[in-house]
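To keep things clear, I will list the structure first and then write my remarks on it.
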Amino acid sequence: MAARAILHTEAEALNALLTAIGPDRDLVDEPEPLTPGWPAWELETALWALPGIGQTKATKLIARKRPRLYPIWDSVVSQVLGTERAHLNPVREALRADDGALHRRLLSIRKEAGLPEEISALRVFDVIAWMDGKNRRLGEPSDQER
């Protein structure tokens with residue numbers, strides 16, 4: 001039912017919100033806190049309203065279309081980051097802190113890993129946070145604990 005809504009019955013409204021977000025750009029470059037009313041926020045909310053779409057699926061769908069701009073939320077990442085209630089702005093603020101030090105570090109990790117530039121710093125961030133959380137759940141020490 002959700003796929004039908006995304007591709008057919010709600011496609012026009014969802015595409016309008018995606019267009020209103022504008023082109024993909026780095027989350028680190030967003031100068032102001034992101035609030036309700038921001039088109040991506042509204043798109044996520046609209047996706048949640050569809051049957052079978054929760055926060056994780058909604059953020060993955062948006063991240064697929066705006067990979068440099070929208071972080072993926074899931075229970076593992078939010079537990080690692082402590083962002084169960086609010087995720088978007090804390091990630092934005094972390095990327096912007098210390099004149100973008102984390103963002104630059106993520107780009108460095110991407111380069112060291114031999115990943116193409118099409119892989120955004122934000123996707124590198126998502127993967128590292130998810131892997132750290134999965135390791136913790138398995139009882140392995142985090143990199144900081146090693």
Side-chain angles (χ1 to χ4, degrees), residues 1-98 100-138 140 142-143:
M1 289 176 56
R4 180 175 170 79
I6 291 168
L7 298 173
H8 183 63
T9 58
E10 299 297 322
E12 188 174 329
L14 296 173
N15 283 328
L17 288 168
L18 190 59
T19 299
I21 294 168
D24 199 18
R25 56 202 180 273
D26 289 312
L27 182 59
V28 70
D29 295 331
E30 289 297 304
E32 300 296 325
L34 309 171
T35 60
W38 184 51
W41 192 300
E42 298 301 317
L43 178 57
E44 184 178 338
T45 302
L47 289 167
W48 287 358
L50 301 177
I53 302 286
Q55 190 171 5
T56 300
K57 288 179 184 173
T59 59
K60 284 182 177 183
L61 287 167
I62 299 168
R64 180 68 178 108
K65 294 294 187 176
R66 299 294 184 272
R68 293 172 35 214
L69 180 65
Y70 218 77
I72 295 172
W73 180 97
D74 74 12
S75 60
V76 174
V77 171
S78 71
Q79 187 174 36
V80 168
L81 302 177
T83 58
E84 289 87 3
R85 304 193 121 246
H87 187 72
L88 189 57
N89 280 305
V91 171
R92 179 190 149 276
E93 291 164 9
L95 292 170
R96 290 179 60 82
D98 299 321
L102 175 58
H103 182 80
R104 288 191 309 277
R105 178 68 180 127
L106 293 166
L107 293 175
S108 174
I109 290 169
R110 178 184 72 191
K111 184 176 181 179
E112 290 171 28
L115 297 171
E117 289 187 16
E118 293 81 33
I119 305 297
S120 70
L122 197 50
R123 293 294 73 82
V124 174
F125 177 82
D126 290 336
V127 169
I128 290 171
W130 188 85
M131 289 176 64
D132 185 56
K134 278 300 192 183
N135 287 341
R136 288 181 191 190
R137 286 186 177 181
L138 295 173
E140 297 177 19
S142 69
D143 286 339

### Query
Can you name the nearest heavy-atom pair linking Ala5 to Thr9, along with the distance?
CA-OG1, 3.1 Å
### Query
Counting only heavy atoms not in Glu117, do more than 12 fall under 6.0 Å of its CD?
no
### Side-chain heavy atoms of Val28 within contact of Arg92, under 4.5 Å
no
### Query
Does Ile6 reach the side chain of Leu61, with side-chain heavy atoms less than 4.5 Å apart?
yes
### Task
Can you measure from CD1 (Ile21) to CG (Leu18) and round to the nearest 0.5 angstrom?
5.0 Å
### Query
Within a radius of less than 6.0 Å around CZ of Arg4, do more than 12 heavy atoms belonging to other residues, nucleotides or ligands occur?
no
## Note on the structure
Rounded to the nearest 0.5 angstrom, the CG-OH distance for Leu88 and Tyr70 is 5.0 Å
### Query
Okay, side chain of Lys134, backbone of Val76: is any donor-acceptor separation there less than 3.5 Å?
no
### Query
Which atom names give the shortest non-hydrogen contact between Val91 and Pro71, and what distance separates them?
CG1-CB, 4.1 Å
### Query
Going by heavy atoms in the side chains, are Glu10 and Leu50 under 4.5 Å from each other?
yes
### Task
For the residue pair Gln55 and Thr59, confirm or rule out a side-chain donor-acceptor distance under 3.5 Å.
no
### Query
CG of Leu27 to OG of Ser120: how many Å apart, nearest 0.5 Å?
9.5 Å
### Query
At their closest point, which heavy atom of Met1 faces which heavy atom of Pro51, and how far apart are they?
CB-CG, 3.8 Å
Check: residues 124-131 side-chain donor-acceptor pairs under 3.5 Å, at least two apart:
unit_1: Asp126; atom_1: OD2; unit_2: Ile72; atom_2: N; d: 3.4
unit_1: Asp126; atom_1: OD2; unit_2: Arg123; atom_2: NE; d: 3.0
unit_1: Asp126; atom_1: OD2; unit_2: Arg123; atom_2: NH2; d: 2.4
unit_1: Trp130; atom_1: NE1; unit_2: Asp74; atom_2: OD2; d: 3.4

### Separation of Leu34 CG from Asn89 CG (nearest 0.5 Å)
4.5 Å
#### Entry: Spacing of Asp26 atom CG and Leu122 atom CG [to the nearest 0.5 Å]
8.5 Å
#### Entry: Rounded distance [0.5 Å steps], CG in Leu106 versus CG in Leu102
4.5 Å
### Task
Starting from the C-alpha separation in whole Å, work towards a yes-or-no answer on salt bridge (charged side-chain N to carboxylate O under 4.0 Å, His left out) for Arg105 and Glu112.
CA-CA 10 Å; Arg105 178 68 180 127; Glu112 290 171 28; 3.5 Å; yes
#### Entry: Validation row: Arg96, Asp29 side chains within 4.5 angstrom (heavy atoms)
no
#### Entry: Heavy-atom pair with the smallest gap, counting every atom of Ala46 and Leu17
CB-CD1, 4.2 Å
### Message
Do Arg110 and Leu107 make a side-chain contact, defined as non-hydrogen atoms from C-beta onward lying under 4.5 Å apart?
### Response
yes
### Message
One pair to check against salt bridge (charged side-chain N to carboxylate O under 4.0 Å, His left out): Glu30 and Arg25. What are the steps and the verdict?
### Response
CA-CA 8 Å; Glu30 289 297 304; Arg25 56 202 180 273; 2.6 Å; yes
### Side-chain donor/acceptor of Arg66 to backbone N/O of Gly22, under 3.5 Å
yes
### Message
Please check this pair: side chain of Glu42 against backbone of Gly37, looking for a donor-acceptor N/O pair closer than 3.5 Å.
### Response
yes
